[in-house]
Amino acid sequence: MRLGHPARAAIIGLALTLGAVACSTGDSTTASAPPTAAAGGLEKTKIKIATLPAIDSAAIYVAIDQKLFEKEGLEVTPQVVQAAPEAIPMLLNGEIDAMFGNYVSMFAAHDKGSLKLRILAEGSRAAPDSLSIMALPDSPIKTAKDLEGKTINVNVLRNFQELALTQVLKANNVDPASIKYVPVTFQNIMTSWKGGQIDAAYLGEPMVTAATASMGARKILDPASGPAAEFPISGYVSTQEWYDKNPKVAAAFQRAIHNAAKLMENNRESVAKVLPTFTQIDAATAATVTFPYFSSNDNPVRLQRVADWMLEAKWLGKAIEVKSLMSPTTSG
């Protein structure tokens with residue numbers, strides 16, 4: 001299997017699924033022609049969305065490529081940021097209209113009162129094999145139980161990686177409290193892994209594919225399995241204030257994102273085509289990696305899991321009723 005520049009793809013890999021740190025070209029992509037549906041009653045026709053150079057962000061680029069925003073009367077400009085938390089001040093300052101980011105960070109900000117959140121549309125959910133706890137070929141770690149007492153990397157502490165894996169460990173009769181999590185930047189994962197600073201690596205695509213092919217790494221556990229199957233990772237959000245002023249824009253944006261996801265469900269090529277335009281994944285690698293699930297509808301029940309697990313972990317000061325934060329679904 002040809003990966004195409006596997007080292008470069010591997011470095012980018014973890015951030016792609018984490019919706020976290022990654023190198024950005026800083027380029028923005030816009031619809032090829034200005035929208036013509038202003039007469040449709042939209043409060044505004046041009047919006048700016050903070051995105052990440054991540055596979056999970058693909059729906060917004062597919063919607064641009066397929067002119068789905070244009071059909072809704074919108075001209076959408078993505079603004080790439082390195083990490084979701086850095087977009088929150090931009091959102092609050094009105095520099096952007098909405099942002100794409102992981103739910104754990106955004107629920108935490110909402111809980112602290114720094115962000116009054118409105119979820120415009122779900123984005124990505126973990127798919128089987130899109131995340132993996134992996135061991136090197138000569139590691140004594142063979143089963144999930146062998147992870148007890150071991151050190152595992154995360155991009156940042158107390159985020160969705162740790163949240164999902166805790167539930168999967170419990171389901172596999174592994175004591176989550178025995179695991180030591182250490183923050184490791186994606187650039188340093190391979191060095192830390194080979195140097196023994198971490199016992200097992202928490203990887204996302206395309207790093208999973210690269211580590212398997214180039215290092216003979218072995219999969220020990222899928223963090224998106226069992227109770228964490230289809231774990232919601234990231235979505236598109238605005239402030240409640242922005243939503244109250246722009247409900248028709250929000251509905252049009254949601255329809256375009258949902259329609260893009262529907263297209264992507266049965267057309268892998270539509271995703272692979274856009275990945276090289278906003279990530280450092282080349283075309284050959286885009287053709288081989290495992291994609292997350294892209295949500296073509298919004299489901300408060302599955303998203304409530306994130307808030308409930310955060311409360312169980314004492315990462316929230318009070319319960320969050322996720323349904324109250326979600327926009328009405330306007331697409332079929």
Side-chain angles (χ1 to χ4, degrees), residues 19 27-81 87 91 94-101 118-125 232 234-240 242-279 283 286 291-300 303 326-332:
D27 292 342
S28 295
T29 305
T30 58
S32 58
T36 58
L42 298 180
E43 296 85 4
K44 59 195 300 187
T45 59
K46 295 182 179 182
I47 60 174
K48 185 179 292 185
I49 313 292
T51 68
L52 299 153
I55 293 176
D56 301 63
S57 300
I60 195 169
Y61 293 92
V62 170
I64 291 170
D65 183 63
Q66 298 294 322
K67 302 187 186 306
L68 300 178
F69 288 127
E70 191 173 324
K71 290 176 183 177
E72 295 288 346
L74 288 175
E75 180 179 319
V76 175
T77 301
Q79 181 167 330
V80 178
V81 297
L91 192 67
E95 298 172 44
I96 55 175
D97 296 278
M99 61 173 283
F100 180 84
R118 169 60 67 163
I119 300 170
L120 301 181
E122 288 193 54
S124 65
R125 312 187 310 279
S234 302
Y236 301 88
V237 307
S238 70
T239 64
Q240 181 64 47
W242 183 92
Y243 176 82
D244 290 341
K245 292 178 180 177
N246 301 281
K248 293 180 181 178
V249 176
F253 178 83
Q254 183 196 72
R255 284 192 297 270
I257 290 294
H258 284 176
N259 287 333
K262 289 174 186 176
L263 173 67
M264 294 155 74
E265 285 172 359
N266 300 308
N267 186 347
R268 178 186 173 89
E269 192 56 39
S270 66
V271 184
K273 175 185 176 183
V274 300
L275 288 184
T277 69
F278 70 99
T279 74
F291 295 156
Y293 292 127
F294 299 100
S295 297
S296 58
N297 59 71
D298 298 336
N299 186 324
L303 197 48
M326 301 181 73
S327 303
T329 295
T330 60
S331 51

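Quantities reported herein were computed from a predicted structural model and do not represent experimental measurements. Just so you know, these numbers use all the heavy atoms, side chains as well, and skip hydrogens, waters and symmetry mates.
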For the side chain of [X] and the backbone of [Y], is there at least one donor-acceptor N/O pair under 3.5 Å apart?
| X | Y | result |
| --- | --- | --- |
| Asn267 | Leu263 | no |
| Thr51 | Phe100 | no |
| Asp97 | Ile49 | no |
| Glu122 | Asn299 | yes |
| Ser295 | Asp298 | no |
| Glu43 | Val249 | yes |
| Arg118 | Val237 | no |

Pair Phe278-Ile64, side chain to side chain contact (heavy atoms under 4.5 Å, CB included): steps then yes or no: CA-CA 12 Å; Phe278 70 99; Ile64 291 170; over 6 Å; no
For a quick test of reading the model, state the closest non-hydrogen atom pair linking Gly123 to Tyr236 and the distance between them.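 Heavy-atom minimum between the residues: CA-CE1, 4.0 Å.
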What distance separates Ser234 OG from Phe294 CZ, expressed to the nearest 0.5 Å?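 If we round to the nearest 0.5 Å, Ser234:OG and Phe294:CZ are 10.5 Å apart.
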Answer yes or no: is there a side-chain heavy-atom contact under 4.5 Å between Asn246 and Phe253?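 Result no, sub-4.5 Å side-chain heavy-atom pair not found.
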Is the closest side-chain donor-acceptor distance between Ser327 and Gln254 under 3.5 Å?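 Per modelled atom types, Ser327 and Gln254 side chains form no pair under 3.5 Å.
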Take atom NZ in Lys44; do more than 12 heavy atoms of anything else shown fall under 6.0 Å from it?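 Enclosed.
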